[in-house]
Amino acid sequence: MRLIKRTGKGGGVSRDGSQLVVLLENGRVLIIRAESPIRASVFITMSLQPVQNRFTGAYMQLMKGLKELDFRDFGVPSDLLLIGDHAFPLAMNSRGQVLMAASLHGKGRIVVLGHEGYLRAFPALVENALTWLSGDQSNNRSVGIQKKAMAFVKNLNKSRFQVKEVGAFSECPEVGVYVTDAYTVGADHKDLVAFLKAGGGVLIAGQARSWTKSHPKKNTLLEFEGNKVSGVAGIYFSDRHGEKEVVPVYPHIPSSWMSLTVGQDFEDDLQFLLKGVSEFDVRGGALFSEILVHGSLAFPIGTTDEGQAFLAGAYYGLGRVIVISHEGFIGSEKMAKFWNNALDWLDNGRHGVVGVSTKKAFNHLSKCGIKCEKTNFRKDLSVFVRTVYCADRAKQILDFVSEGGGLVIGGHAWYWAQTHCGQNPMTGFAGNNILKKMGLCVMGATVGGGLYKAPVSSQALKDTYHFRVLLRRLADHVINGEALSTREEKHLHRLGRNCSSYLDMKAHDWYSYAQVVSALTEILRTCGMPQVGEDCPAKSPKDHMLLFVGSKFYDVCPNPEALLPYLVKVKPLTPVIYNQRIKISANTAGWKEWISTGLYLSPGMKTYIAIPAEMVNSGWTIQIGCQTDRLNHAELKRAPSVHVQFDITKEMMMVKNLWGGLIYLVTPKKTQVNGAEVIVQMALPAPYYKSGVTTAAEWALLRTAPSPWAELEFDNIILTVPSGHVRKLERPDELAEHWNTIMRAVADLAAKPHKFKRKERMVTDVQISHGLMHAGYPIMMHKPEAAELVSIDVAMKRGLWGPIHELGHNQQRSCWEFPSHTTECTCNLWSVYVHEEVLGIKRAKAHPVLALEKRNKRAKEFVTGGRNLNSWQMWVALETYLQLQERFGWDAFKKVFAAYHKMSNFPTRKILKMNLYAETFSKTVGMNLVGFFQAWGWPIQAATEEKLSNLPSWTDHPMVQYN
C-alpha cells in the first residue's frame, strides 16, 4: 500500500487499488484502508504530539528527507525486538512490527535493518545512517564495509565518505563506521562490541528467520551472529517475520499498541531453570516484595496463587538476570536445585567464576554445592551475585550483563517504601535503577512467604500473569472485541495497580514505555473512562482497572488535552478568576498541615502557581483534592484515588488533576511562615468561609461560588462539604460559634489548651476507605453526613455522635489506650461529654445502646461470662468508664488526662498500662479503685495493690451487685 495523501483531511488510492483515508483527529493520524464501502480497519494510531525525548533529534536526522519506505519488493524481514533504555524504532509497519531501529551502547551508535536488502533499497537512509553513526567523529568519515554487505550498498555518495571494502572487521580497526550483514560477524563480534562501546558506529542488516529454521535448537537471541553485536545495544533480530508493506515516515518516533508483545515464550528457559523443581519453599515469615515483570524479555518464575511474582528472570543484551525479592533466599537450601539450575543458566556454558558480594549469600550458595568466590564486582566474573539495596557501579553492572554476564540480585523494596513515604520506589529505590532497564522492578507491595507451585507445564506458563501480555490482551479486547478469559479478568485489578506503578517511572525516552502509553491511549480513546457516581458505581474488573490508572495516565500521556474528553464526559463551563493572591501563614511542629486557598480546579483544568523562593525545595507541596482516601471496594463510586500532590521545586509550578479538586498548600512537618504570598494564575472560586476573615458581605457572594465543594474554617476545625449544603447558609458566624463551643469542650476533656496546635478537618466524600466514618487528618465521612455538620438545629435535635466519636479517636493516646479493648471505646467519652455538656442531650438519648437497661444487661452478662477480659470490648468497656464518670464526674477524667501529660517513659505492655491507669485514677480521686477494676477483670498486680493500700477503698461500686 502506498500513501498518496499524508496531511489534512482527505484520501487517496494505494498502488494495490484499495482506498486510503488519512484523518487528523485530536492530534493523531489514522491510516485506514477501506476494504469495502462499509468496512474499514485502522492499521496504526500514533500521537502527533509525543513527549519529546533525547532520541528525537537522532530520529529526525536518520529519517531526514524520507516520506515513506516501501518494503514490498524485498525479502521477508525480521521483526526487530527492542529492550532497554537506548533502543528506538525507525520504521514500524501497520502491525506494530519494527523493521528498522537504532540504539546506543557506551559512546557508540548502531543502526539495525531487518533485512540486508534494505542496504540497497534505501540509499538515502543508508547515507543518513552513516552520517549519524559517524557522530562527533567529523575527522573520521572512513567507512569499512564487509564485502558481502558491499554487494547491497549501491549509489552511496562516496565523496562524503571514505569507503573501504574488507573481508572482516579485523582488517579495518581504524574506521569510524563499520557496515556488515548479520550473518558474517563471526569471531569479530567481541571486537565489534568493543569498537561500538568506545565510540564507533555500526550499521548491520539481515534477518534471523532462516537461521532459526536451520538451527531449531539454538537460542536465536544469544546465538544468531547479528545479535551478538546488536543485542548488546538492546536490538535483536527475532525469528518472527515482519509484514512487508509501504510504511509512512512519521514526524516522530513511531509507537503502537500492537507492538506491545513479549519477545519469546520462555518455555525452554523455564524448563532449564525448573528441571527437578516442582515447588518453591519460601516459608519462614519473611516478607517479599512483589516484582513487576514489565519487559518484553522478562518473565515470572515463582508466583503466588494470586499471580504476584517473587522470583523472575530476564534477558538483557547478551546476558541474563535472576531477581528474587528477598535477599535471605539467595542460595536457600530449600531451593538448592533451583539455584544450581539458575547459576548454570546465567553462566551459559562459560564455566566461569561466580562472584558473591554478601557473606550470607556466599555461605548459602556454598552449602548448595555451588563453587563461588566472596568478592566485590569484577569484570572477569561470569556471574555476579548482589543485593538490591545499593546502586553502586550500576552502569558497569548493566554493561557487564549486556555484554554477556549473568546477574543474581535479591532484596525487597517494601521497607524502603514504608520509610520513604511519598517517594517513588520505581525511580528512588536503588536496586530499580539497575532492574527497571532489564524489564523488572521490585515494588512496595508485599508478598507473604509460603509453599508455591512451580509452573511445570506449558499451560501453567501461559496462565502465569505477565504485565505486557495482559495489557495487550486488554487492548485487543477493547479495540478488536476479543473476549477475555475469567483468569484474565481476575488479574485486571492487579494490572491497574501495575500500570500505575509502571507509569511512575515517567521514562518517556524508553521505547517500551511508549508502547505502554500507546496501548493505554487507545484503550481509553476506544472505551472511555467509566463515568462513576453514587447511582452508577463501577463493578467490572475492566472499569476498576481504568479508574485505578486514569489519573496517573492523564499526568504522563503525551497529549492530555486531546485525551481529556474521553476521560471526563461532563465538564460544565464555569467562570474563573485570575491572579488570585493568597497570604500563607503557618507554624507547625511534628505534623503536616493543609492550608486552604479557597480555590478549586475543575476536572482536567491546569493552572500555574507562583511560589515565594523560601517555600521552594523546603518540603512544601501543592495538593489538589481533599478526598484523600484510597479505595479498594468491589463497587467504586469514584476512582480509587482522586487527589494529587506536587512537590514545590520551583517558583512557578504548573498543577492539574484529572478529577479536579480544592487547592491546598501543604506544609512540611516543622516550618514557620508568616504572610508569604502565592499567586494562583487561574481557578474557580469556592464557597470558603474563614472565621474572623470573611465578612458577611463577602460570604453573601462566596456561598454562590461555582465550586462543587465548600469549606468552612473555624477556630479549631475545618469542614469540607458539598456546596449545596452552604448555598442557603446565611449566618456562618453562628455555625462557627457552635463548632467553637464543641471544640473547646473536646479540648477541655482532653485537658489541652483551647487553641489546637493543628485544626481538625472533616471531609465528606461519595465513598470512603472504611466504615461509616473514620478518624485521621482529615476525618472522613460520607456526603449525607454533611447536613448535620452545617446545621445547628439538626445537631441539637439529633446529635453528632459519629463526628464527635471520630474527634475522640484523634484525642486518644497510646499511654492510656489498651488495644483492641478500648480502640472503639474511649473515643466515645468525648461523644457522651459533648452531647451532655454542649448539645444538652443525655447519654441515654445520645445513642440507643446507652439506655440504662441495656447498660445493666451488658455488665451482668460480662460477669456471668466469667469476667473474661477478651469480652471487655467497645460498649462493655465503655460501661467501666461511664461508671467511673457517674461516681467521680468529668473533672476526674480531665485530671487523669492532665496527669498523663506530665508523665514520660510509659510502659508498652498492656498489663502494665492498665495497672498504671488504675493507679493514676485512684490517686486522682483519692480512693483505692483496685476492687472496682478487678470486678471488671483487669489484671491488677500485687505491686499496684500495695501502692494504693493506704487509700480508702471504693466498696460500694456498681459492680458489687453482681458479686
Run His508 and Tyr513 through ring pair (Phe, Tyr, Trp, His ring centres under 6.0 Å) and show every step you take. CA-CA 6 Å; His508 295 288; Tyr513 192 85; 5.2 Å; yes
Chi angles and distances behind the side chain to side chain contact (heavy atoms under 4.5 Å, CB included) call for Leu260, Val469: CA-CA 8 Å; Leu260 191 72; Val469 173; over 6 Å; no
Begin from the C-alpha positions of Val478 and Lys542 and carry the test side chain to side chain contact (heavy atoms under 4.5 Å, CB included) through to its verdict. CA-CA 10 Å; Val478 170; Lys542 182 183 75 176; 4.1 Å; yes
Assess the residue pair Ser357 and Thr387 against the criterion (side chain to side chain contact (heavy atoms under 4.5 Å, CB included)); give the C-alpha distance rounded to whole Å, side-chain angles, the decisive distance to 0.1 Å, and a yes or no. CA-CA 8 Å; Ser357 65; Thr387 68; 5.6 Å; no
Salt bridge (charged side-chain N to carboxylate O under 4.0 Å, His left out) between Glu279 and Lys453, intermediate numbers included: CA-CA 4 Å; Glu279 61 189 14; Lys453 293 181 179 179; over 6 Å; no
Could you give me the CA-CA distance, side-chain angles and deciding distance for Ile301 and Ile322, then say whether side chain to side chain contact (heavy atoms under 4.5 Å, CB included) is met? CA-CA 9 Å; Ile301 301 171; Ile322 293 287; 3.6 Å; yes
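Taking the six-membered ring wherever Trp is involved, the centroid distance between the rings of Phe55 and Tyr511 does not fall below 6.0 Å. For Phe329 and Phe288, the ring centers are positioned less than 6.0 Å apart. Residues Phe195 and Tyr178 keep their aromatic ring centres 6.0 Å or farther apart.
With Ser103 contributing its side chain and Ala233 its backbone, the two residues share a donor-acceptor pair below 3.5 Å. Between the side chain of Ser78 and the backbone N or O of Ser238 there is at least one donor-acceptor pair closer than 3.5 Å. Formation of a donor-acceptor pair under 3.5 Å by the Asn498 side chain with backbone atoms of Leu292 is not found in this model. Judged by distance alone, the side chain of Tyr183 and the main-chain N or O of Glu225 form no donor-acceptor pair under 3.5 Å. Side chain of Thr220 to backbone of Thr212: no donor-acceptor contact under 3.5 angstrom is found. Counting only distance, with no hydrogens or angles, the side chain of Glu488 and the backbone of Ser485 share a donor-acceptor pair below 3.5 Å. Without hydrogens or angle criteria, Glu403 side chain to Val232 main chain gives no donor-acceptor distance under 3.5 Å. In terms of modelled atom types and a separation under 3.5 Å, the side chain of Arg350 and the main chain of Asp347 share a donor-acceptor contact. Asn424 contributes a side-chain N or O that, together with a main-chain N or O of Asp504, makes up a donor-acceptor pair within less than 3.5 Å. Remark: side-chain polar atoms of Asn93 are not paired, donor with acceptor, to backbone N or O of Val98 under 3.5 angstrom.
Pairs engaging residues 310-325 under the salt bridge (Lys or Arg N to Asp or Glu O under 4.0 Å) rule: Asp269-Arg320 [sequence neighbours left out].
Heavy-atom contacts from other residues, nucleotides or ligands closer than 6.0 Å to CZ of Phe272 number more than 12. Heavy atoms of other residues, nucleotides or ligands lying less than 6.0 angstrom from NZ of Lys367 number 12 at most. Within a 6.0 Å radius of CZ in Arg378, more than 12 heavy atoms belonging to other residues, nucleotides or ligands are found.
A salt bridge links Glu482 with Arg473: at least one charged nitrogen is closer than 4.0 Å to a carboxylate oxygen. Arg494 has no carboxylate O lying under 4.0 Å from a charged side-chain N of Glu306, or vice versa, which leaves the two without a salt bridge. A salt bridge is absent between Asp239 and Arg209; no separation between the charged side-chain nitrogens and carboxylate oxygens falls under 4.0 Å.
Taking the side chain as every heavy atom from C-beta outward, His466 and Val262 approach each other to under 4.5 Å. Side-chain contact check for Ser256 versus Ser518: every heavy-atom pair is 4.5 Å or farther apart. Contact check for Val356 versus Phe384: no side-chain heavy atoms found under the 4.5 Å cut-off. Glu223 places none of its side-chain heavy atoms less than 4.5 Å from the side chain of His215. Side-chain contact between Phe237 and Val112 is present, with heavy atoms from C-beta onward closer than 4.5 Å. Side-chain contact between Leu407 and Arg386 is present, with heavy atoms from C-beta onward closer than 4.5 Å. Counting heavy atoms from C-beta outward, Val408 and Ile330 have side chains that approach closer than 4.5 Å. Side-chain atoms of Leu631 and Leu636, non-hydrogen and from C-beta on, do get closer than 4.5 Å to each other.
In this structure, NZ on Lys217 lies 10.5 Å from CG on Asp268, to the nearest 0.5 angstrom. For the atom pair CD (Gln308) and CG (Asp305), the distance works out to 10.5 Å, reported to the nearest 0.5 Å. We find the CZ-CG distance between Arg487 and Leu492 to be 10.5 Å, quoted to the nearest 0.5 Å. The distance from atom OG of Ser296 to atom CG of Leu81, rounded to the nearest 0.5 Å, is 4.5 Å. Within the model, atoms CG of Leu343 and OG of Ser382 stand 9.0 Å from one another, a figure rounded to the nearest 0.5 Å. Between Phe299 atom CZ and Gln264 atom CD the span is 8.0 Å, to the nearest 0.5 Å.
Remark: the Asp79 side chain and the Tyr236 side chain contain no N/O donor-acceptor pair separated by less than 3.5 Å. For the residue pair Gln207 and His241, no side-chain donor N or O sits within less than 3.5 Å of a side-chain acceptor on the partner. For the 3.5 Å distance criterion, the side chains of Tyr389 and Glu327 qualify, holding a donor opposite an acceptor. A donor-acceptor contact under 3.5 angstrom links the side chains of Ser259 and Gln515, judged on distance only. Side-chain polar atoms of Thr184 and Asp181 form a donor-acceptor pair below 3.5 angstrom.
Nearest approach of Cys441 to Asn432, heavy atoms of both residues: CA-OD1, 3.4 Å. Taking each heavy atom of Gly406 and Phe400 in turn, the nearest pair found is O-CE2, 3.3 Å. Contact record, Ala168 with Asp188: CB-OD2, 3.2 Å, taken as the closest heavy-atom pair. Shown here for Leu398 and Tyr316, the closest heavy-atom pair between the two residues is O-CE2, 3.4 Å. In terms of heavy-atom proximity, His412 sits nearest to Val388 at N-CG2, 4.0 Å. Contact detail for Leu381 and Asn376: the closest heavy-atom pair is CD1-O, 4.3 Å.
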